[in-house]
Protein chains: 2
Amino acid sequence: MNLKDLAHRLNLSPTTVSRALNGYPEVNEATRERVMAAAKEHNYHPNSRAIRLATGRAMAVGHVIAIANRHEIVNPVFADFIAGAGETYSRNDYDMLLSVVRDEDEAQTYRNLRVKGSVDGVIVHGPRENDPRIPLLREIGLPFVVHGRATGATGPYSWLDVNNRRAIQQATGHLLDLGHRRIALVNGLEFMDFAIRRRRGYLDALAARKVASDAALMASGEMTEVAGFRAARTMLALADPPTAFVAASMLSGMGVRRAIEGAGLRLGQDVSVVIFDDDLSYMKNGEERPIFTAMRSSVREAGRLVAEMLLHRIAHPDAGPVEQLLEAELILGRSTGPAPDR
Amino acid sequence: MNLKDLAHRLNLSPTTVSRALNGYPEVNEATRERVMAAAKEHNYHPNSRAIRLATGRAMAVGHVIAIANRHEIVNPVFADFIAGAGETYSRNDYDMLLSVVRDEDEAQTYRNLRVKGSVDGVIVHGPRENDPRIPLLREIGLPFVVHGRATGATGPYSWLDVNNRRAIQQATGHLLDLGHRRIALVNGLEFMDFAIRRRRGYLDALAARKVASDAALMASGEMTEVAGFRAARTMLALADPPTAFVAASMLSGMGVRRAIEGAGLRLGQDVSVVIFDDDLSYMKNGEERPIFTAMRSSVREAGRLVAEMLLHRIAHPDAGPVEQLLEAELILGRSTGPAPDR
DNA sequence: CCGTGTTGGACAAAGGATTTTTCCGGCACG
DNA sequence: CGTGCCGGAAAAATCCTTTGTCCAACACGG
């Protein structure tokens with residue numbers, strides 16, 4: 001059942017039917033209703049491929065996931081972010097196109113998306129320092145919004161980010177308020193922009209209280225349980241071990257907790273932990289009372305918002321870049337307490 | 001740069017250029033080479049929208065993610081599965097279309113995908129008992145492959161599944177071999193097909209050794225850390241507590257571990273744990289020596305394989321349904337040991 | 001009664017490829 | 001030398017919708 005058939009059935013031209021369905025003014029209201037009714041009755045759906053060809057719009061948004069090799073980590077926040085973005089797309093009748101590519105193919109993938117007109121815009125995931133995707137997308141003229149920011153990027157671009165610096169500054173400050181002075185940072189990989197900002201927030205907080213930083217208390221690595229465990233185990237074995245940790249994620253935090261308990265220490269009493277909590281649906285930080293004291297910001301909500309920003313950009317290509325900074329919220333849990341006496 | 005331009009530049013007709021590029025026999029080999037060279041030189045890419053319109057193929061595969069409400073869990077294996085499937089699609093020049101919809105809209109989503117011709121086939125995620133999607137997709141004639149199986153489904157359909165029953169049977173058997181008799185099952189939600197099969201495997205193993213099952217040792221719930229923790233804590237508080245656990249996932253297992261250690265018991269000595277390990281990239285089960293003894297099966301590899309099965313089905317619509325059963329592998333880690341003396 | 005303005009709707013082109021049909025020149029064969 | 005066949009390439013139809021242009025009919029004012 002296509003437009004022509006439907007028009008034929010109604011003794012109208014395809015033009016009129018198309019206009020009637022798409023709300024153009026130059027069609028009689030009575031005719032429009034007749035068309036609408038027939039369309040519903042015959043379960044008519046315009047062929048999206050043809051619409052795309054005719055309008056030049058793809059009605060689709062691309063998400064490119066670059067993977068360095070078969071075994072590299074897929075970002076654990078990815079599923080929730082996508083779920084959030086997907087809700088926005090569904091509501092707006094956009095499709096989400098996901099491309100999983102090796103990272104050496106990433107640039108070519110963006111170019112192809114553009115050239116073939118598969119998408120109207122893209123979301124940039126996991127920006128790094130001086131991320132090359134930003135100039136690339138600008139050059140090829142594909143609308144985009146970055147989830148995060150890219151330190152070192154020149155010129156304006158649209159982004160939505162959590163205030164990572166402030167969040168970790170606040171987390172560290174909270175521990176300082178509790179009397180902790182040996183505070184460790186178990187950070188993500190520090191070529192990732194968010195991790196750079198978090199370290200900065202951590203150092204800011206220490207500096208503000210004139211607490212010296214110690215390279216031995218700063219770890220940077222993948223945000224896995226094992227990596228968190230190892231980093232914390234090493235630090236706890238120091239001559240002057242930390243009494244508190246700031247951990248980059250729920251998983252890192254769980255690793256840190258294991259190291260603490262493995263060393264015979266009690267979480268929240270002997271050693272405190274604050275995590276950054278992306279509020280992942282499958283990794284809830286407890287329920288009634290959170291396990292971890294945390295700086296929380298829902299990555300799913302971020303997905304919804306970023307997608308909305310992109311759709312807005314697509315609809316208004318000439319509007320300037322938009323920026324949005326979300327604040328993480330301090331959640332008090334059972335993993336923090338006053339610094340132990342020495 | 002489109003076909004017409006290219007043909008014009010070459011002083012050929014669009015027909016000939018199209019044929020040359022698509023390897024049709026009725027074009028002179030010299031002409032073909034000339035065309036190929038020009039296409040490469042001018043960076044010609046056929047417009048996929050036009051191809052799709054002309055051929056009727058979408059060159060895309062759909063993944064529909066149904067979510068009951070805003071806060072429902074997004075399956076944590078999702079990201080890795082998608083990464084695996086995405087690799088296959090990239091290799092075969094297929095697109096992946098992701099739809100995130102409320103579950104009451106799921107059926108309509110599949111119908112729309114079909115009617116509008118957005119995709120050539122779909123992957124069915126997380127099948128449940130008597131899953132309605134199987135008859136639905138069969139009815140609307142959209143090729144599909146199920147990741148998992150659906151107990152109660154009538155008639156043949158294509159699927160790829162891990163042998164969940166055998167895996168958990170083996171896990172339970174391993175614990176029985178170690179002398180455990182009070183073995184608990186911390187299962188996923190038992191309207192999910194995989195969880196049904198796992199319970200069956202668990203019961204099979206007990207029955208085979210004539211060990212009575214105990215409803216108090218069987219929990220079923222979401223596969224989160226917190227849920228695992230609670231289930232295990234409750235069981236460990238029983239008058240006759242378990243000396244071993246079979247946990248449905250890495251996260252559940254981490255919750256169980258926390259409950260064990262929280263009860264002052266030692267993992268792998270006082271209480272043993274075997275988990276089912278989907279080998280998620282961000283949740284590696286240790287490295288040199290696994291933290292948990294586990295039944296392992298890579299969900300990412302499953303994604304690759306399922307996608308291949310679907311593309312094959314799309315290419316050969318008349319071939320019968322295909323079934324593939326993967327076996328999980330027993331990985332010995334530090335979380336299991338002989339049953340303690342009583 | 002005629003010119004003008006509005007309305008409702010039809011016609012045709014455009015969008016970019018594929019596929020079918022048609023055409024033409026050259027060669028082989030009788 | 002005429003006919004038939006075939007390879008190579010062009011032309012046209014097809015896929016389905018949107019959209020700019022145009023037309024016919026009608027109402028209305030002068």
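Here is how names work: the chains are called A, B, and so on, in the same order as the sequence lines, proteins then strands, and each is numbered from 1. The shown structure was predicted, so the numbers you read here are calculated from the model rather than taken from an experiment.
Contacts of A/L3 with the nucleic acid, taken as non-hydrogen atoms under 4.0 Å apart, include base atoms. In this structure, B/D5 reaches neither bases nor backbone, as no heavy-atom distance under 4.0 Å exists between it and the strands shown. Using a 4.0 Å heavy-atom cutoff across all strands shown, A/T31 reaches sugar-phosphate atoms only and no base atom. Nucleic acid contact class of B/R52 (heavy atoms, under 4.0 Å, all strands): none.
Between B/M96 and B/V61 the shortest side-chain heavy-atom distance does not fall below 4.5 Å.
In this model, the phosphate group of C/dA17 is approached by a side-chain N or O of B/Y44 to a distance below 4.0 Å at OP1 or OP2.
Remark: A/D95 engages A/R52 in a salt bridge, criterion side-chain N to carboxylate O under 4.0 Å. Between B/R149 and B/E323 there is no salt bridge, since none of the side-chain N atoms of the basic residue sits less than 4.0 Å from a carboxylate O of the acidic one. Of the charged side-chain nitrogens involved, none lies within less than 4.0 Å of a carboxylate oxygen, so that A/E139 and A/R114 do not count as a salt-bridged pair.
Side-chain atoms of A/S13 and base atoms of C/dC11 include no donor and acceptor less than 3.5 Å apart. A donor-acceptor contact under 3.5 Å is not formed by the side chain of A/T55 with the base of D/dT19. Residue side chain A/T15 reaches the base of C/dA12 through a donor-acceptor N/O pair under 3.5 Å, judged by distance alone. At a cut-off of 3.5 angstrom, the base of C/dG15 holds no donor-acceptor pair with the side chain of A/R57.
Taking atom CG of residue A/N22 and atom C1' of nucleotide D/dC16, one finds them 13 Å apart after rounding to whole Å. In this structure, CG of B/L6 is placed 15 Å from C1' of C/dT18, rounded to the nearest angstrom. Atom OH of A/Y24 and atom P of D/dT18 are 8 Å apart (whole Å). Residue B/L21 contributes atom CG, which lies 17 Å from atom P of C/dG16 at whole-angstrom precision. For the pair A/L12 CG and C/dG9 P, the computed distance is 7 Å after rounding to whole Å. Regarding A/H8, its NE2 atom lies at a distance of 17 Å from the C1' atom of D/dC16, rounded to whole Å. Atom CZ in A/R49 sits about 13 Å away from atom C1' in C/dA17, given to the nearest Å. In this structure, the CD atom of A/E29 is 15 Å from the C1' atom of C/dG9, given to the nearest Å.
The side chain of B/N47 sits closest to C/dG16 out of D/dA10, C/dG16, D/dT17. Considering only the side chain of A/R19, D/dT19 comes nearest among C/dG8, D/dT17, D/dT19. You'll find that the side chain of B/I51 is closest to C/dA17, out of C/dG9, C/dA17, D/dC16.
Remark: of the listed residues B/L310, B/L325, B/V306, B/V306 is the sole one forming a side chain to side chain contact (heavy atoms under 4.5 Å, CB included) with B/L160.
Proximity of a side-chain donor or acceptor of A/N2 to a complementary backbone N or O of A/K4 within less than 3.5 Å is detected.
Nearest-nucleotide positions on DNA chain D for B/V27 and B/L53 put B/V27 closer to the 5' end. Mapping A/N28 and B/S18 onto DNA chain C via the closest heavy atom, the residue that lands nearer the 5' end is A/N28. Nearest-nucleotide mapping onto DNA chain D: of B/T16 and B/A50, the residue sitting toward the 5' end is B/T16.
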